[in-house]
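Every chain is numbered from 1, with letters handed out A, B, ... down the list of sequences. Everything quoted here is computed from the prediction, not taken from an experiment.
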Amino acid sequence: MLDKHYDPAAVERRIYEAWEQGGAFKAGAGAKPGADTFCIVIPPPNVTGNLHMGHALNNTLQDILIRFKRMQGLDVLWQPGTDHAGIATQMVVERQLAERGEPTRWDMGRDAFIERIWQWKAQSGGAIINQLKRLGASCDWSRERFTMDEGLSAAVLKVFVQLYKEGLIYKDKRLVNWDPKLLTAISDLEVQQVETKGHLWHFRYPVEGQEGRYLTVATTRPETMLGDTAVAVHPEDERYKDLIGKHLLLPIVNRRIPVVADEHADPETGSGAVKITPAHDFNDFEVGKRHGLPQINVFDQYARIISDARAGDFGIPVEFQGLDRFEARKKVVAWFEEAGLLEKVDDHTLMLPYGDRSNVVIEPWLTDQWYVDAATLAKPAIAAVETGETAFVPKAWEKTYFEWMRNIQPWCISRQLWWGHQIPAWYAPDGHIFVEETEAEARAAAEVHFGKPVELKRDPDVLDTWFSSALWPFSTLGWPEETPELARYYKTDVLITGFDIIFFWVARMMMFGMHFMKDEKNIPEVPFHTVYIHALVRDEKGQKMSKSKGNVIDPLTLIDQYGADALRFTLTAMAAQGRDIKLSTGRVEGYRNFTTKLWNAVRFAEMNGCARDASFDPAKVEGTLNRWIVGETARTADAVTQALDAYRFNEAAGAIYRFVWNVFCDWFLEFAKPVFSGADEAAQAETRATAAWVIDRICRMAHPIMPFVTEEIWGLTGGTQAEGWLVHAAWPEDKGLGDKDADAEIGWVIRLIEGVRSVRAEMNVPAGAKIPLTLKGAGAEAAARLDRHRDLILRLARLESADVSEDDTAGAVRFVHDEATVLLPIGDVVDLKAERARLEKDLKKLEGEIRGLDAKLSNEKFLAKAPEEVVEENRERKAEAEARKAKLADAIAQLAAAG
RNA sequence: GGGCGAUUAGCUCAGUGGUAGAGCGUCUCGUUUACACCGAGAGGGUCGGAGGUUCGAAUCCUUCAUCGCCCACCA
């Protein structure tokens with residue numbers, strides 16, 4: 001016996017545990033023999049992470065596809081795992097050390113610190129895996145991987161070494177985005193440009209040999225002037241043309257710097273003269289290279305002014321040495337002001353680069369780093385999307401992908417961290433680099449090179465976390481080993497992710513996948529044929545959820561409150577192919593109510609003895625009601641299938657919602673009530689079996705979206721004996737069921753009941769009052785329909801009687817129902833004036849409709865150019881409207897006669 | 001500076017050439033073989049503005065307005 005309210009908290013844990021213990025999600029479980037494969041690799045969440053709303057949406061959508069394909073009998077693998085998240089994880093553990101007053105990572109040393117992180121991972125890492133389970137994710141957990149586990153690390157080494165030997169990975173000294181808090185380089189993608197209100201300082205630089213003449217430069221970064229090695233002006237700029245080739249005397253450091261002509265200087269901007277600091281600005285770096293300027297690095301790794309021997313060489317006064325960059329800025333500005341060389345200060349809005357993890361201003365800094373030649377790797381990855389080998393859904397995202405990939409910059413992959421894949425490069429004392437998968441191989445190579453053994457030192461840096469993520473679609477399947485899984489499931493099918501990850505991850509998987517994986521004809525093979533890009537989840541006001549704003553909705557709280565199914569259904573229903581989802585808890589509550597509604601419908605069916613009948617054949621039902629609901633069910637299942645095939649998740653959810661609530665509950669079950677309590681045993685038996693069959697179909701088609709409640713119902717209604725878990729039950733393929741006669745007849749009854757209800761409510765007929773109904777002018781079919789369904793019409797319209805008759809009752813309330821007029825003689829209750837007003841309102845509306853249709857149908861161009869079926873449809877509508885109009889006019893006349 | 005997107009009922013959003021929809025909220029009525037996490041009914045929109053294409057436009061095009069996002073080295 002089902003409880004009155006479904007209790008997700010109690011049911012979900014039990015069911016998930018049973019699924020897992022029963023191996024329900026194992027690769028290939030439940031597949032038909034010889035079935036095709038369907039594989040999704042999960043976007044690996046950070047091992048430090050907690051499930052947020054974005055994960056909930058992302059994994060709900062993946063789970064829907066996985067469960068859908070699994071039920072269709074495919075050999076399904078949903079490959080799970082987590083990401084070691086280099087910076088994030090190292091920060092978490094460092095913070096923990098600080099909180100506990102334990103030694104810092106510097107105190108304990110690299111090996112001990114890494115060991116410490118592994119301990120942390122064993123204890124508290126991967127909480128998100130359990131959270132994914134609470135959401136209902138049906139991953140093959142027996143295959144869970146971690147980007148730092150042995151196999152994946154081997155894959156990383158192999159990829160790095162091969163790319164190095166192919167010349168696609170190289171080391172270079174150039175400006176990088178340096179994070180002076182985390183003390184590491186980061187890639188362009190990890191830099192966030194933030195609009196900031198600042199100032200533009202105008203400094204006067206004295207011209208050498210021309211007493212009293214100055215060249216004014218404008219800068220947003222005064223402190224970098226200590227490293228200036230030139231000033232650039234536009235070659236055509238008349239104001240400064242005579243100064244080109246002359247020299248300036250750089251204040252404070254008394255450095256003699258040239259005025260160079262360079263297109264980079266824009267006469268319209270600032271003063272038209274640009275200070276050039278090649279070691280601290282990306283543009284200036286390029287200008288410096290063009291003019292062979294020295295690169296003077298005035299910052300240390302903390303972005304403080306250097307204070308070692310070089311400081312003196314560069315002429316940096318002692319009082320500036322060791323200052324933080326922002327302190328140095330103040331001091332430089334003060335110096336210029338005092339010296340009378342500060343021309344003016346303007347307010348200025350500029351974009352400042354911030355590190356996405358550290359949230360400090362990033363410093364362009366000159367260092368040696370490792371780079372991937374992304375431009376070369378991007379070429380086949382671009383072509384694969386151009387040819388459609390991999391397609392984005394929605395397609396508009398391809399444009400974003402192309403734009404980035406066609407302008408791709410070298411990818412800086414080295415990080416000055418400890419947690420991650422250490423770069424497999426060893427240095428000989430003379431600086432010669434040996435890149436091999438193991439130290440032994442590096443030694444051997446060095447011995448060959450030098451003709452004798454030499455001492456080697458390994459590069460201390462680790463790789464960008466996204467480097468290992470880029471291998472995820474094949475490394476998780478076993479590569480570089482030639483595993484059966486790799487052969488079977490690569491290429492994978494669909495990748496589901498948010499648009500913010502297209503550059504970080506999707507593009508890089510495309511590049512690496514195509515470089516390392518080849519099909520049987522040795523042609524590069526993409527990692528997946530479809531990339532589904534979903535929206536970002538925001539709060540109900542449309543703001544990005546963030547801890548600092550305090551507007552974070554925790555999916556686990558919602559699961560506790562409303563159940564995982566309700567959350568999943570909400571996210572699915574809102575997953576239209578757009579940019580973002582504004583989530584409100586009211587919506588979740590609404591879909592929680594939906595699960596309760598479904599639950600109660602099943603409970604009602606159970607109370608009325610509806611049980612599965614193995615011999616039931618939906619194609620052979622006889623009762624009109626049953627033929628109708630069988631057809632509705634099949635149509636809904638078909639709509640859901642089509643929606644899921646097209647990744648229109650919201651449409652699938654909408655179809656199920658409407659069918660369960662507005663068709664099955666509102667009408668079928670109500671219509672079934674008189675049958676259940678009636679005397680016709682044959683009809684009763686068929687209706688019971690039909691109801692049970694429909695519930696079975698609902699369970700199946702709703703299972704991908706709401707797996708828990710459907711599995712529970714399926715089990716309680718005897719599903720498990722027949723087919724095992726609902727997880728593995730066959731997806732409904734009931735096309736062609738139902739018939740038009742039944743649809744027409746049930747539709748007629750529904751409209752009749754709705755008509756009566758509407759009139760009753762509008763005329764304020766007390767809900768408890770039973771009134772007689774007369775159907776006037778009814779044809780034979782209408783009379784028969786009334787006869788066949790009299791019981792339930794009486795019941796649902798709250799009537800005393802319902803008969804066909806040509807007798808008119810003066811003063812009856814009336815409405816038009818197809819060819820007939822419905823008369824409801826409600827005697828004293830009728831307010832004739834109100835009734836007349838009601839009818840005239842209807843008439844007016846109808847006349848407006850007819851006018852519109854007339855205009856269309858008398859338009860010759862419309863008749864000539866519109867498709868025949870549209871014209872025909874309009875004709876029918878007009879005929880119908882005219883008939884209704886005549887009936888209404890008649891009704892008003894009757895009323896006038898009565899009054 | 002370049003690109004993308006949004007603007008539809010009080011709110012949150014579907015719909016993307018052929019009779020304007022849902023959820024929530026509002027109002028009225030209601031315990032009738034499940035469900036008040038319910039049922040019945042009602043009200044509510046010139047689909048951001050202006051042009052255009054079309055027999056027909058919320059839907060396609062142009063333009064304007066407002067809001068948002070992404071990319072970019074402008075001192």
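With sequence neighbours left out, the ring-ring contact (aromatic ring centres under 6.0 Å, His included) criterion links A:Phe336 to A:Phe203. For the side chain to side chain contact (heavy atoms under 4.5 Å, CB included) test, residues two or more places apart in sequence or in another chain that qualify with A:Lys597 are A:Trp661, A:Cys665. Among residues two or more places apart in sequence or in another chain, the side chain to side chain contact (heavy atoms under 4.5 Å, CB included) test is passed with A:Glu847 by A:Leu843, A:Arg851, A:Lys885. Looking at residues two or more places apart in sequence or on another chain, you find a ring-ring contact (aromatic ring centres under 6.0 Å, His included) between A:His817 and A:Trp748. A:Glu670 meets the salt bridge (charged side-chain N to carboxylate O under 4.0 Å, His left out) test with A:Lys673; sequence neighbours excluded. Scored by the side chain to side chain contact (heavy atoms under 4.5 Å, CB included) test, A:Arg798 finds A:Arg760, A:Lys770 as partners (sequence neighbours excluded). A:Ala375 pairs by the side chain to side chain contact (heavy atoms under 4.5 Å, CB included) definition with A:Asp373, A:Ile408, not counting sequence neighbours. For A:Asp266, the side-chain hydrogen bond (donor to acceptor under 3.5 Å, both in side chains) partners are A:Thr269, not counting sequence neighbours.
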Protein and nucleotides 37-41 of chain B: nitrogen or oxygen contacts under 3.5 angstrom:
unit_1, atom_1, unit_2, atom_2, d
B:rC37, O4', A:Asn593, OD1, 3.1
B:rC37, O2, A:Arg592, NE, 2.9
B:rC37, O2, A:Asn593, OD1, 3.4
B:rC37, O2, A:Thr596, OG1, 2.5
B:rC37, N4, A:His5, ND1, 2.7
B:rC38, OP1, A:Asn593, ND2, 3.2
B:rC38, O3', A:Lys597, NZ, 3.2
B:rG39, OP1, A:Lys597, NZ, 3.0
B:rG39, OP1, A:Trp661, NE1, 2.4

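Of the residues in residues 561-569 of chain A, not one places a heavy atom less than 4.0 Å from an atom of RNA chain B.
Stem regions annotated for RNA chain B: B:1-7 with B:65-71, B:10-13 with B:21-24, B:26-30 with B:38-42, B:48-52 with B:60-64, counting only runs of 3 or more consecutive pairs of Watson-Crick or G-U type with both contacts under 3.5 Å.
Counting non-hydrogen atoms under 4.0 angstrom, A:His202 reaches nothing in the nucleic acid.
Sorted by first and then second residue, the side-chain hydrogen bond (donor to acceptor under 3.5 Å, both in side chains) pairs involving residues 192-202 of chain A (not counting sequence neighbours) are A:His199-A:Asp347.
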